[in-house]
Amino acid sequence: MGLKGKLAVSMEVKCGGHLFHDLYQTKPHHVSNISPNKVTGFDLHEGGIGEVGSVVTWKYKEDGNEKIAKCVIEEVMDDEKKSITWKGIEGDLLERYNAFTVNISCDQHWITWTFVYEKKTEDTPEPLTFLGYVTDLTKDIEAHHVEK
């Protein structure tokens with residue numbers, strides 16, 4: 001078994017994917033208002049919101065446990081692709097993984113989350129719990145936009 005892995009989930013949403021892209025690119029600090037049980041905070045350390053090279057920290061609850069993920073924004077694509085990629089540089093995910101990158105892409109009514117990671121050991125589990133977490137977060141954001 002290899003130490004490197006890639007997991008992806010695509011979900012159809014009732015609201016347009018552009019709403020997700022706009023949220024994560026221009027108003028990521030609002031995610032905690034939409035889903036306070038899952039995202040408890042967002043901090044910008046360097047750069048600007050939604051800009052490549054910016055350093056941000058996400059504070060979140062996974063399985064009831066407080067966690068953090070400090071990331072650098074690696075890529076932001078507008079127009080057709082509507083995609084953002086964060087690379088983990090500190091935090092809870094990097095306790096189990098040597099490298100962890102998260103991408104969200106928004107295509108019409110489809111949201112796709114992709115994780116690319118390198119496990120520290122063969123015994124490190126695949127990040128299925130975190131995949132379930134972003135799936136639930138996507139449902140919260142969808143419900144928020146559909147209710148409006």
Side-chain angles (χ1 to χ4, degrees), residues 4-119 125-148:
K4 292 184 178 181
K6 183 176 185 177
L7 277 176
V9 63
S10 290
M11 302 173 60
E12 187 174 22
V13 292
K14 294 175 184 144
C15 58
H18 67 283
L19 296 171
F20 280 78
H21 183 70
D22 182 58
L23 178 66
Y24 281 105
Q25 184 180 8
T26 64
K27 299 177 263 194
H29 51 286
H30 288 207
V31 177
S32 61
N33 297 332
I34 294 169
S35 187
N37 294 337
K38 292 181 187 63
V39 178
T40 59
F42 173 86
D43 295 309
L44 176 65
H45 300 284
E46 294 176 26
I49 288 181
E51 294 178 2
V52 172
S54 296
V55 177
V56 301
T57 297
W58 291 94
K59 296 174 186 164
Y60 62 100
K61 284 186 183 177
E62 181 184 9
D63 282 346
N65 299 311
E66 291 281 341
K67 303 204 175 199
I68 65 160
K70 189 171 186 179
C71 311
V72 63
I73 299 175
E74 282 199 322
E75 183 177 51
V76 177
M77 300 184 83
D78 288 325
D79 303 326
E80 259 182 65
K81 280 218 159 192
K82 293 183 175 58
S83 169
I84 299 174
T85 303
W86 297 274
K87 178 183 177 185
I89 56 174
E90 288 179 28
D92 291 279
L93 287 169
L94 294 180
E95 291 177 6
R96 293 181 145 190
Y97 304 94
N98 289 325
F100 205 98
T101 302
V102 175
N103 173 273
I104 182 173
S105 61
C106 313
D107 180 28
Q108 302 288 325
H109 289 277
W110 287 92
I111 305 301
T112 302
W113 290 92
T114 305
F115 304 156
V116 178
Y117 54 91
E118 180 182 346
K119 299 190 283 184
E126 306 302 324
L128 296 174
T129 303
F130 192 59
L131 193 67
Y133 166 83
V134 298
T135 299
D136 290 343
L137 178 60
T138 300
K139 291 174 186 175
D140 287 354
I141 294 169
E142 173 190 35
H144 171 80
H145 286 298
V146 170
E147 289 174 2
K148 284 189 157 186

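Any value given below was found using the heavy atoms of this structure, including those in side chains, with hydrogens, waters and symmetry copies removed. Sequential numbering from 1 along the given sequence is applied to the chain's residues.
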Query raised in the report: Could you go step by step and tell me if L93 and F115 meet the side chain to side chain contact (heavy atoms under 4.5 Å, CB included) rule?
Result: CA-CA 11 Å; L93 287 169; F115 304 156; over 6 Å; no
Query - V31 and F42: CA distance, side-chain angles, deciding distance, side chain to side chain contact (heavy atoms under 4.5 Å, CB included) verdict - result: CA-CA 8 Å; V31 177; F42 173 86; over 6 Å; no
Query raised in the report: What's the verdict on side chain to side chain contact (heavy atoms under 4.5 Å, CB included) for E51 and V76, showing C-alpha distance, side-chain angles and the deciding distance?
Result: CA-CA 7 Å; E51 294 178 2; V76 177; over 6 Å; no
Query raised in the report: Given the rule in the side chain to side chain contact (heavy atoms under 4.5 Å, CB included) test, do S54 and L44 qualify, once you have shown the distances and angles that lead to the verdict?
Result: CA-CA 8 Å; S54 296; L44 176 65; 4.2 Å; yes
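One distance of note links CD1 of I84 with SG of C106; it measures 7.0 Å at 0.5 Å rounding. Considering CD1 of I49 and CD of Q25, their distance stands at 10.5 Å, rounded to 0.5 Å. The distance from the CH2 atom of W110 to the CE atom of M11 is 9.5 Å, given to the nearest 0.5 Å. For the atom pair CD of Q108 and NE2 of H18, the computed distance is 10.0 Å after rounding to the nearest 0.5 Å. Atom NE2 of residue H109 and atom CZ of residue F20 lie 11.0 Å apart, to the nearest 0.5 angstrom. Between C71 atom SG and I89 atom CD1 the span is 7.0 Å, to the nearest 0.5 Å.
Checked by atom type, the side-chain pair N103/S83 shows a donor-acceptor distance below 3.5 Å.
Ring-plane geometry between W86 and W58 is classed as perpendicular, the angle between the planes exceeding 60 degrees on a 0 to 90 degree scale with a lower cut at 30. Ring geometry, F100 versus Y117: the interplanar angle falls under 30°, so the pair is classed parallel (tilted spans 30 to 60°).
Checked by atom type and distance alone, the side chain of Y60 never pairs as donor or acceptor with a backbone atom of A69 at under 3.5 Å.
Heavy atoms from other residues, nucleotides or ligands lying under 6.0 Å from NZ of K87 number 12 at most.
Taking every heavy atom of both residues into account, I141 and I34 meet most closely at CA-CG2, 3.8 Å. The heavy-atom pair separating V146 from C15 by the smallest distance is CG2-N, 4.3 Å. When all heavy atoms of A8 and T114 are compared, the closest pair comes out as CB-OG1, 3.8 Å. Heavy-atom minimum distance, H29 versus T26: CE1-O, 4.1 Å. Nearest heavy-atom pair across V56 and H45 is C-CD2, 3.9 Å.
Residues passing the salt bridge (charged side-chain N to carboxylate O under 4.0 Å, His left out) test with D22, sequence neighbours excluded: K27. Residues that satisfy the side chain to side chain contact (heavy atoms under 4.5 Å, CB included) test with T40, not counting sequence neighbours, are K59, K61, E66. For the side chain to side chain donor-acceptor pair (under 3.5 Å) test, no residue two or more places apart in sequence or in another chain qualifies with H30. E142 meets the salt bridge (charged side-chain N to carboxylate O under 4.0 Å, His left out) test with no other residue; sequence neighbours excluded. When the side chain to side chain donor-acceptor pair (under 3.5 Å) test is applied to S32, no partner is found at least two apart in sequence or on another chain.
Side-chain contact between V13 and T138 is present, with heavy atoms from C-beta onward closer than 4.5 Å.
Listed by first and then second residue, the salt bridge (charged side-chain N to carboxylate O under 4.0 Å, His left out) pairs involving residues 89-98 are K70-E90 (not counting sequence neighbours).
Between D140 and K38 there is a salt bridge, with a side-chain nitrogen of the basic residue lying less than 4.0 Å from a carboxylate oxygen of the acidic one.
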